[in-house]
Amino acid sequence: MIRLYNTLTRKKEEFQTIEPGVVRMYVCGVTVYNDAHVGHAMSALVFDIIRRYLEYRDYKFKHVMNYTDVDDKIINRANQLGEDPLKLSQRYIEEYSRELANLNILPPSATPQVSKTMPLIIEFIQGLIQKEAAYAAPNGDVYFSVISDNDYGKLSGRKLDDMQAGARIEVGEAKDHPMDFALWKAAKPGEISWDSPWGKGRPGWHIECSAMNLAELGEQIDIHGGGNDLIFPHHENEIAQTESYTGKQFARYWIHNGMLQLGGEKMSKSLGNIVSIKDFLAKRDADVMRMLVLSGNYRAPLIFSEETQDAAEKNLERLRAALRPASTSASGLSADAASAPAAQAESTKQAFIEAMDDDFNTPLALAALYELVKAINTARDNGANDEQLKPAQSMLRELTGVLGLRLQEKTGSSDDEAKVIALIEERNEARKQKNWARSDEIRDQLKEMGVVIEDSKDGTKWRWS
RNA sequence: GGCGUCGUGGCCAAGUGGUAAGGCAAGGGUCUGCAAAACCCUCAUUCAGGGGUUCGAAUCCCCUCGACGCCUCCA
């Protein structure tokens, strides 16, 4: 039984899809106006891991991730650069999708954009007005009426009365209730706009997701996800809009990832404490980012520091090392001893599934993997051959694959490779003559080139580090 | 001020009533010319602090302190 934590009910619930065997999942993507950062990567990775795991458990997936390509910030940025806003956002959409691919994130089955969903958004708003859940203001704005929705606030656990006390009431706004929010914003002079029954304008932020959801996945979906900073107001408002429109429960499970922390604070564009995905990948492997996400519960804040990144690299190296071949001089284990790693493979698989079934407990799943790593290494140390290592190694490959880890060995340039081999030959000559000084000097030189060497019975092995 | 999440060893982090997983770091050992890798051993009588419930609490309740998120755009 798969259980997952539902923000809506604040507890873990058994996972049951509307249509057996099929998961409809909508995850809020990004507003595209500049470089995405590792916090966005965290969110995308969390839902990629969830998807990969549920696919491993035989679910088919309809995975939708939207792009917000019409928005104040995009317009401002475009004005600064003297560029067309839709061209600007298109550029960042392409860039973001490349970055997701670089992070080994499976492409969603659909990636709708606001600018391409206008007719449906307008239709949606009209429907809400007809149901008296929304109203057009004289200035050309259209607002959602929160008092029309008797369970408004159920996702974030807020009451209208509580919120009103602290709400910022903009002077001159044409709202009936201070918490009412815009479905349609009248265009300011010179702004990009679309025609509508209320005049030229553009959609508010929340309505786009309701509309795209409906278009791509239908009235009811299984999982709606995003960062926990979206719970209020974004997801709260999405629920209000969609449920007022359809009269049905919108999403069964609301899943929210915790925020990535840099220096004790949430990483965000407005705070300016940003590490872009691009900058991260220039320094570290995509697996490192994924390992970082796997190292903690997806709902908890993720500490992003040099120390946690270094630890993630070490952990990856441990997994990679376990997949390396047996010693060429391996004598082979007795049939009895050879069954140990294979048996561990089975018990690790059980433990892995049990951990992941429980709200995607990746730290516990990793612990199960390390047990398998140990069994493989022990067998190898004891002389297991490749054939005997294979069952355990394939299982390790399978389960790390479910988590989306690539575990590729690092590579260097082939030009350097010839040099490395020459140096190792020279070093082995020196070692034969017991010229340890020269031998160690060459080892240091290789280390500076990023090459690690290991002397073994099979000869000297080397790899890029 | 309101709503919510949370505080576990040097660091990261499982564990939500039955007596503290795992990884990193550190120390010792086996192996090695020395290393590296691997393996073995050591490393929290204790879970922010204080009360309470219970035969029994890191786990439940209350209070205090602290952190983070949201309440405005945000993954």
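Not counting sequence neighbours, the partners of A:Ser97 by the side-chain contact (heavy atoms from CB on, under 4.5 Å) test are A:Tyr67.
Defined by atom type and a distance below 3.5 Å, a donor-acceptor pair is present between the side-chain atoms of A:Ser347 and A:Gln344. A donor and an acceptor atom, one from each side chain of A:Asp141 and A:Tyr143, are located under 3.5 Å apart. Of the N and O atoms on the side chains of A:Glu454 and A:Thr460, not one donor lies less than 3.5 Å from an acceptor on the other residue. A donor-acceptor contact under 3.5 angstrom links the side chains of A:His256 and A:His235, judged on distance only. In summary, the side chains of A:Ser305 and A:Gln309 do not present any donor paired with an acceptor at a separation below 3.5 Å, with no hydrogens or angles considered.
As the counterpart of B:U54, no nucleotide is assigned, since no Watson-Crick or G-U wobble pattern has both distances under 3.5 Å. Remark: B:G7 base-pairs with B:C65; criterion is Watson-Crick or G-U wobble with both hydrogen-bond distances under 3.5 Å. Here B:C47 sits opposite no nucleotide as a Watson-Crick or G-U wobble pair (both hydrogen-bonding atom distances under 3.5 Å). With a cut-off of 3.5 Å on both Watson-Crick or G-U wobble distances, the partner of B:U32 is given as none.
Ranked by how close their nearest RNA chain B nucleotide is to the 5' end, A:Thr308 and A:Gly227 are led by A:Thr308.
Only one option out of A:Val27, A:Val46, A:Asn297, A:Leu45 pairs with A:Asn257 in a side chain to side chain contact (heavy atoms under 4.5 Å, CB included); it is A:Val46.
Within the 4.0 angstrom heavy-atom criterion, base atoms lie near A:Arg427. Looking at heavy-atom distances under 4.0 Å, A:Gly39 makes contact with a base. In this structure, A:Arg443 reaches the bases: a heavy-atom distance under 4.0 Å links it to at least one base atom across the strands shown. When heavy atoms are screened at a 4.0 angstrom cut-off, A:Ile231 is found touching no nucleic acid atom at all. Here A:Ser439 lies in heavy-atom contact (under 4.0 Å) with a base.
At whole-Å resolution of the value, NZ in A:Lys159 and P in B:G1 are 18 Å apart. To the nearest angstrom, P of B:A14 lies 12 Å from CG of A:Leu294.
Looking only at distances, a side-chain donor or acceptor of A:Asp458 sits under 3.5 Å from a matching main-chain atom of A:Ser329.
Across B:A20 and B:U16, the matching P atoms stand 15 Å from one another, rounded to whole Å. Taking atom P in both B:U64 and B:G28, one finds a spacing of 48 Å when rounded to whole Å. B:A14 and B:A48: their P atoms are spaced 14 Å apart (whole Å). Nucleotides B:U42 and B:U32 have their C1' atoms positioned 23 Å apart, rounded to a whole Å.
Shown for residues 452-465 of chain A: residues whose heavy atoms fall under 4.0 angstrom of RNA chain B, namely A:Val452, A:Ile453, A:Glu454, A:Asp455. In the region residues 353-384 of chain A, proximity to RNA chain B at under 4.0 angstrom, judged on heavy atoms, holds for A:Asn361, A:Pro363, A:Leu364, A:Ala367, A:Tyr370, A:Lys374, A:Asn377, A:Thr378, A:Asp381. A heavy atom closer than 4.0 Å to some atom of RNA chain B occurs in A:Arg10, these being the qualifying members of residues 5-13 of chain A.
Annotation: salt bridge (Lys or Arg N to Asp or Glu O under 4.0 Å) contacts involving residues 27-54 of chain A, sequence neighbours excluded, comprise A:Asp35-A:Lys278, A:Asp48-A:Arg52, A:Asp48-A:Arg290, A:Arg51-A:Glu55.
Taking 4.0 Å as the cut-off between side-chain N and carboxylate O, A:Glu236 and A:Lys154 do not count as a salt-bridged pair.
Heavy-atom neighbours of A:Glu398 CD from other residues, nucleotides or ligands within 6.0 Å: above the threshold of 12. Other residues, nucleotides and ligands contribute only 12 or fewer heavy atoms inside 6.0 Å of the CD atom of A:Glu448. For A:Glu354, the CD atom sits in a loose shell: 12 or fewer heavy atoms of surrounding residues, nucleotides or ligands are nearer than 6.0 Å.
A ring-centre distance under 6.0 Å is found for A:Phe15 and A:Tyr253.
Note: A:His40 and A:Tyr96 have perpendicular aromatic rings, judged against thresholds of 30 and 60 degrees for the angle between ring planes.
Listed nucleotides: B:G33, B:A13, B:A75. Nearest to the side chain of A:Trp436: B:G33.
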Quick one: which protein N/O atoms are closer than 3.5 Å to N/O atoms of nucleotides 67-69 of chain B? Pair and distance per line, please.
| from | atom 1 | to | atom 2 | distance (Å) |
| --- | --- | --- | --- | --- |
| B:G69 | OP1 | A:Lys266 | N | 3.1 |

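Residue A:Lys314 has a polar side-chain atom (N or O) positioned under 4.0 Å from OP1 or OP2 of B:A25.
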